[in-house]
Structure formats: C-alpha cells, structure tokens
Protein chains: 2
Amino acid sequence: MSNTTPRLLDEQLCFAFYSASKKFNHFYQDALKPFHLTYPQYITLLALWETSPMTVRELGSHLNLDSGTLTPLLKRLEKQGWISRKRSDQDERQVNVDLTDYALEKRDEVYARVNDCIDLMGFDDVDYNQLLDQVHQVMTKLDNISNKDLIHEA
Amino acid sequence: MSNTTPRLLDEQLCFAFYSASKKFNHFYQDALKPFHLTYPQYITLLALWETSPMTVRELGSHLNLDSGTLTPLLKRLEKQGWISRKRSDQDERQVNVDLTDYALEKRDEVYARVNDCIDLMGFDDVDYNQLLDQVHQVMTKLDNISNKDLIHEA
DNA sequence: AACAATTTAGTTGCACACGATTAACCTGTG
DNA sequence: CACAGGTTAATCGTGTGCAACTAAATTGTT
C-alpha cells in the first residue's frame with residue numbers, strides 16, 4: 001500500500017465500516033421501533049439477557065463503553081422499565097444492573113422480531129461466520145497498534 | 001439461522017461492525033491528532049480533496065450525512081481554516097463548500113501520516129480488497145431491506 | 001488506626017448522528 | 001405575474017461516545 005497514491009474514499013476500509021455500522025444502526029432502529037429501543041440500548045439488554053446482574057463496569061467491559069456513556073443510557077432503560085439499578089451492599093462503589101420482570105418477559109419477543117429482520121437479509125451461515133471472523137481479525141489488528149506506535153511517527 | 005436459538009452478543013455481526021467502527025474511529029483520532037481533526041472531519045476533507053467545491057447536499061450524499069450533522073461540522077472545519085462556505089450566486093439555497101489553500105497544502109502531509117498508520121496494521125492488499133468487497137455486499141443487503149418489509153412484520 | 005493509592009460510578013463538555021421542523025429560495029403552471 | 005409545490009441549508013431535540021474530572025468508597029501499607 002503506497003503512501004503516495006491516495007485511496008479514494010470509497011476504497012477505504014474505515015469508511016466502509018463507518019458506513020456499514022450506521023446502516024446496521026438504522027436497520028435495528030427500525031426493527032426495534034415496536035419496543036422503543038435504540039441499538040445501544042438493545043445490545044445492553046442482549047448482554048444482560050446473557051448474564052445478569054452485572055455491575056456498570058462489567059457491562060462496560062462487555063460492550064466497550066465507559067460510565068460516561070452507560071450511566072445516562074441505563075437511566076433511560078430504567079425509566080422505561082427494562083432494568084433496575086441498585087448500589088451493591090458489599091461494595092457501595094458498585095451499582096448492580098439487573099433485568100426487570102418486564103425485560104425477562106419481552107426477551108423472546110425481541111429476539112424473534114430481530115431474527116425475522118435478519119432473515120430478510122438472506123445470509124448464508126458459512127459466509128456470515130467467515131465475515132464475522134474477518135471483522136474480528138481487523139479488530140485485533142487495530143488493538144495491536146498502540147498509541148506509542150503512533151506517537152513515534154508524529 | 002433459527003429464530004429460537006439466540007445468538008450471543010459476540011457472535012452478532014452487527015456488534016462486530018459496531019465495535020470495529022468505534023476502534024477505527026479511535027485509531028484515526030490518534031493518527032489525526034497532529035492536525036486536530038476528528039474522523040468525520042477527515043472523511044469530509046477526503047471527499048473534498050477528491051472533488052471540490054461541492055454543495056452541502058452533494059457532500060452529504062457522498063458521506064451519507066444530512067445537513068443536521070454536516071452544518072455544524074463544516075462550521076468547525078471553517079473555523080479551523082480548512083474550508084470555506086459560500087452561498088451560491090446562481091441558487092441562493094445552496095452553499096458551496098471549498099478547500100482553503102491551507103487544506104490543499106496539508107493534503108499530502110495528512111495522507112502520508114494516515115497511510116503510515118495504516119501500514120502498521122500490516123494488511124495484505126488482496127485481503128484488504130476482498131474484505132472491502134464483502135463489507136460492501138453487507139451494505140447492499142442492508143439497503144435492500146426497505147422499511148416496508150419491516151413494517152409488514154410489526 | 002491512619003492515610004495514601006486505587007477503584008467505581010457519576011458528571012461535564014464537546015462532537016457527532018439523525019428525525020423533524022423551519023425559512024428561504026427556485027420552478028413550473030396557469 | 002402569481003403562487004403552489006418542491007428543494008436546500010439551517011435549527012432543534014434526543015441519544016450516544018468519549019476524555020477529563022469529581023466524589024465516594026475500598027484497599028494496602030505502615
């Protein structure tokens with residue numbers, strides 16, 4: 001990859017990921033409209049449907065989000081009746097996030113709705129998993145580039 | 001893909017794209033630190049380095065961004081000396097966005113810096129282009145699902 | 001016990017992203 | 001010319017993301 005020949009915008013992998021991510025967001029926003037959930041709220045519930053309760057920190061490390069993003073998001077989910085937030089008795093710094101009965105009841109309905117929408121895309125299972133794997137590899141590459149490497153070049 | 005067996009969060013393609021997109025964003029934020037540019041500002045300049053001037057609408061259709069996002073972003077780029085914004089004489093509804101001399105001068109420096117950083121990832125050209133193509137295919141799938149399809153299921 | 005260092009969630013400030021609305025402008029038709 | 005209908009950029013409101021900071025609580029060390 002030469003440093004003198006600039007890649008066009010549409011040939012940039014970053015732009016493809018950026019655009020695709022926004023399209024996914026839009027897709028889920030539509031699919032989740034019946035439940036009044038945004039995409040970040042949905043993945044938060046997904047994480048909790050897998051494991052709950054979790055502290056804000058644990059949830060954040062699953063989702064790669066910090067408290068600055070999660071705290072207001074969780075407050076909205078609480079207000080809408082999906083989760084409860086309660087400070088731990090053992091360690092009062094931590095806040096335990098747990099699902100409400102409403103969230104447990106709605107789980108299968110949300111799954112079914114989202115999966116129906118995904119089915120419309122007509123993904124082949126093999127393609128899906130192969131692409132998933134490649135995206136994970138890109139993430140590994142991105143993780144392996146430390147800030148130190150970048151500062152060296154500055 | 002069954003609707004009864006829920007996929008784990010880490011097996012969801014949407015979450016992989018969501019996470020990868022955030023990592024790319026962080027990567028570019030670091031790479032572009034010397035120029036005080038955010039990633040959306042960078043792709044805006046990329047588009048303009050390819051074609052300029054452009055109206056806000058043209059720019060928006062290249063980047064898939066609407067005026068609600070672009071107007072404040074462009075004002076910041078203008079304030080920092082990268083672009084100029086001028087209402088068209090022929091059609092006063094339109095605003096022509098053009099590069100400043102500063103932006104033209106800095107172009108190669110920005111390209112070199114970003115490409116150096118991308119080189120650190122060690123991408124193979126064939127892999128890169130194959131993955132790019134697959135991401136484009138996913139975007140096509142997402143585009144082909146209209147809101148109508150989703151509403152039918154609601 | 002005392003107290004410095006660390007951990008945790010919350011807060012603040014800034015920059016997107018986007019739906020919905022608004023205001024100004026252009027265009028086509030009568 | 002008049003004016004309804006469409007286009008364009010800007011504005012507003014809500015919801016992320018994230019860096020930097022704060023406050024409270026816990027832990028480690030003396």
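Checking dG10(C), dC16(C), dA9(D) against the side-chain heavy atoms of R85(A) singles out dG10(C) as nearest. When each of dA17(C), dG17(D), dA15(C) is scored by its nearest atom to the side-chain atoms of P40(A), the top-ranked nucleotide is dG17(D). Checking dA9(D), dG17(D), dA9(C) against every side-chain atom of L65(A), the shortest atom distance belongs to dG17(D). You'll find that the side chain of T69(A) is closest to dT16(D), out of dC18(C), dG10(C), dT16(D). Set against dA17(C), dT11(D), dT8(C), the side chain of Q94(A) has dT8(C) as its closest nucleotide. In the set dA9(D), dA25(D), dA17(C), dA25(D) carries the atom at the smallest distance from any side-chain atom of D91(A). Taking only side-chain atoms of E92(B), from C-beta outward, the nucleotide of dT8(C), dC26(C), dG10(C) with the closest atom is dC26(C). Among the nucleotides dT11(C), dG15(D), dA17(C), the one closest to any side-chain atom of S67(A) is dT11(C).
Contact check, H26(A) against dA17(C): no side-chain N or O comes under 4.0 Å of OP1 or OP2. Between K75(B) and the phosphate of dT11(D), there is a side-chain N or O to OP1/OP2 separation shorter than 4.0 Å. Side-chain nitrogen and oxygen atoms of Y18(A) include at least one within less than 4.0 Å of the OP1 or OP2 phosphate oxygen of dA17(C). At least one side-chain nitrogen or oxygen of K22(A) sits closer than 4.0 Å to the OP1 or OP2 atom of dC18(C).
dT11(D) atom P lies 14 Å from atom CG of D66(B), rounded to whole Å. Put simply, CG on L77(B) is 12 Å from C1' on dA15(C), counting in whole angstrom units. Taking atom CG of L59(A) as the reference point, atom P of dG10(C) lies 12 Å away to the nearest angstrom. Atoms OH (Y42(A)) and C1' (dT16(D)) sit 18 Å apart, rounded to a whole Å. What separates CG of L74(B) from C1' of dA17(C) is a distance of 14 Å, to the nearest Å. Atom-to-atom, CD1 of I83(A) to P of dA9(C) comes out at 13 Å; the value is rounded to the nearest Å. In this structure, N96(B) atom CG and dA10(D) atom P are separated by 11 Å, rounded to whole Å. In this structure, the CD atom of Q29(A) is 11 Å from the C1' atom of dT14(D), given to the nearest Å.
Between the side chain of N129(A) and the backbone N or O of D125(A) there is at least one donor-acceptor pair closer than 3.5 Å. A donor-acceptor pair under 3.5 Å is formed between the side chain of R87(A) and the backbone N or O of R93(A).
Aromatic ring pairs are classed by plane angle as parallel below 30°, tilted from 30° to 60° and perpendicular above 60°; the pair F35(A) and W82(A) is perpendicular. Ring geometry, Y39(B) versus Y28(B): the interplanar angle falls from 30° to 60°, so the pair is classed tilted.
Here E58(A) lies out of heavy-atom contact (under 4.0 Å) with every strand. As judged by a 4.0 angstrom heavy-atom cut-off over every strand, N64(A) is placed among residues touching the sugar-phosphate backbone only. Base engagement by R76(A) is indicated by at least one non-hydrogen atom pair under 4.0 Å involving a base atom. Contact annotation for L70(B): no contact, since no heavy-atom pair falls under 4.0 Å across all strands. Across all strands shown, Q41(A) has heavy atoms under 4.0 Å from sugar-phosphate atoms exclusively, and none from any base.
In summary, R113(A) and D116(A) do not engage in a salt bridge, as defined by a charged side-chain N under 4.0 Å from a carboxylate O.
For R93(A) against dT7(C), a side-chain N or O and a base N or O form a donor-acceptor pair under 3.5 Å. Within 3.5 Å, no donor on the side chain of T38(A) pairs with an acceptor on the base of dG15(D), nor the reverse.
Tested against T44(B), the residues L59(B), I83(B), L37(B) include a single side-chain contact (heavy atoms from CB on, under 4.5 Å) partner, L59(B).
Sequence order on DNA chain D of the closest nucleotides to S88(A) and L73(A) puts L73(A) first from the 5' end.
Between L45(A) and L99(A), some side-chain heavy-atom pair lies under the 4.5 Å cut-off.
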